[in-house]
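Residue numbers start from 1 in every chain, and the chains themselves are labelled A, B, ... in the order their sequence lines are given, proteins ahead of strands. FYI, side chains are in, hydrogens and waters are out, and symmetry mates aren't considered; it's all heavy atoms of this structure.
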Number of protein chains: 2
Amino acid sequence: MTEGVLPEAGGSDAESAAGVQRPRRSDATRAAILRAARERFAADGYDRATIRAIAADARIDPSMVIRYYGSKEELFATAAEFDLRLPDLSDVPPDRLGAALVSYFFTRWEEDSTLPALLRTASTNPSAAERVREIFANQLSTAVARLVADPAEAPRRAALVASQLLGVALTRYVLRLPPMVDIPTADLITWLSPTVQRYLRAAPGTD
Amino acid sequence: MTEGVLPEAGGSDAESAAGVQRPRRSDATRAAILRAARERFAADGYDRATIRAIAADARIDPSMVIRYYGSKEELFATAAEFDLRLPDLSDVPPDRLGAALVSYFFTRWEEDSTLPALLRTASTNPSAAERVREIFANQLSTAVARLVADPAEAPRRAALVASQLLGVALTRYVLRLPPMVDIPTADLITWLSPTVQRYLRAAPGTD
DNA sequence: GGCAGAAGTCAACAATCGTTGGCATATCGT
DNA sequence: ACGATATGCCAACGATTGTTGACTTCTGCC
């Protein structure tokens, strides 16, 4: 609403149609807000991460957050945009798929705080939970579908994989269970890979 | 503070020392508040579950909640008291421990909404997260210690078990991932039992 | 150099929250 | 029947929240 007033929406149709825009002076502020928002959402979740705190981190006025992102809900929506960036696993030996997937997930988790933020918020915020479901359905589930033998089994196998991987993310990065935090990543990969491998490839009930 | 005013603290020292108290008329109200609190905390998490909403569910005034439980934090603390009630697994055949543990957890989850409430809240509330860590350390970890061969490995194995079981709870009861919700409990037990069994008993890295 | 518009600050709004004190009613021992 | 005490409701406080509008300052173009 009042969209024409927003600086971001400024410019004629010709400029918009050009696609490439000259960088605005405010782009740095925008990025600072987004960075602070991701950290706060990751650390505190949606409700406890206040716009005032985010603005303080970004060293600007709380009103700027609203002016640039419309509302807290929209800010979270853009802060929680997340691409798993799953690599192409088509040339991985079928018996090493579990290990490849597990080790990739660890690198992805530790380079980007968006996923912990999403996980923390999804527990209480319905739209964040919906976002997680989308990521699962659009990214993990479709990728798993290309790896399994029977396509009809794909959603079920993907869900099992998600239960183990999100469980690790929950206990290690959100709840911070001491034993889980202390296990070296390499050991964790060794333990988890057979599990994921079995969920992906094994016949049901096989050990 | 102002403890003497609270009805619950009433009575002479002699009465308190008697231990067994005659049931008060307000006990029903107390129980109704606690029941409503558990449901609200489970559904909405700590922040979004307002005292006013809990009071409305219990059909009493919000001020009664405070009078009976002191504060929202204390109310949550008593609402989130949780005993895993892990059964004695000492006479279960060692190769069936995984199946026994997994199937027990499903019955426990579905009969009591306290655990989902705790899980939902622990993502954003530090004291709830601490409570989960306590339950893990005092109940699951000690139980696992009696089942594994090498006691030094117990915390690590318990953490792995927790990662899988809490991952299922998260995806099925909190995030409600469609495939995870749809899988029949029996199938889920079939899939998960070998995983937990391996975490409990297998040598590291064994498939 | 002046001016249009962007960038940022400030103060305040309305809503909601946990919490409190005062006051009415109900219950029960005597 | 009476009084003490438990139980409950009502209204309000103070704090915090997201959000808004008016105002000032800065930047870049003619």
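Contacts between residues 50-59 of chain B and DNA chain C, counted as heavy-atom distances below 4.0 Å, involve Thr50(B), Ile51(B), Arg52(B).
Sorted by first and then second residue, the side-chain hydrogen bond (donor to acceptor under 3.5 Å, both in side chains) pairs with a member in residues 174-183 of chain B form an empty list; sequence neighbours excluded. Each side-chain hydrogen bond (donor to acceptor under 3.5 Å, both in side chains) pair with one or both residues in residues 96-109 of chain A, not counting sequence neighbours, appears once here: Arg108(A)-Glu111(A). Listed by first and then second residue, the side-chain hydrogen bond (donor to acceptor under 3.5 Å, both in side chains) pairs that reach into residues 126-137 of chain B are Glu73(B)-Ser127(B), Asn125(B)-Ser127(B), Glu130(B)-Arg133(B), sequence neighbours excluded.
Rounded to a whole Å, the OH atom of Tyr69(A) is 17 Å from the C1' atom of dT19(D). Regarding Ile66(A), its CD1 atom lies at a distance of 17 Å from the P atom of dA7(C), rounded to whole Å. One atom, CD of Glu73(A), and another, C1' of dT17(D), lie 15 Å apart when rounded to the nearest Å. Atom C1' of nucleotide dT27(C) and atom CG of Asp27(B) are separated by 14 Å, given to the nearest angstrom. Distance Lys72(B) NZ to dA15(D) P: 19 Å, rounded to the nearest Å. Distance Tyr46(B) OH to dC17(C) P: 13 Å, rounded to the nearest Å. One can place CZ of Arg30(B) at 12 Å from P of dA6(D), the figure rounded to the nearest angstrom. Taking atom CE of Met64(B) as the reference point, atom P of dG8(D) lies 4 Å away to the nearest angstrom.
A search for ring-ring contact (aromatic ring centres under 6.0 Å, His included) contacts involving Phe136(A) returns nothing, not counting sequence neighbours. Partners of Ser141(B) according to the side-chain hydrogen bond (donor to acceptor under 3.5 Å, both in side chains) rule, which considers only residues two or more places apart in sequence or in another chain, do not exist here.
Both Ser63(A) and Arg48(A) lie near DNA chain D, and the one whose nearest nucleotide falls closer to the 5' end is Arg48(A).
Which of dG8(C), dT19(C), dC10(C) sits closest to the side chain of Arg67(A) comes down to dG8(C). Here the nucleotide nearest the side chain of Tyr68(A), chosen from dG8(C), dG21(C), dC10(C), is dG8(C).
OP1 or OP2 of dG8(C) sits under 4.0 Å from a side-chain N or O of Thr29(A).
At distances below 3.5 Å, at least one donor-acceptor pair connects side-chain atoms of Thr171(B) with backbone N or O atoms of Val168(B).
Relative orientation of the Tyr46(B) and Phe41(B) rings is parallel, given thresholds of 30° and 60° on the angle between their planes.
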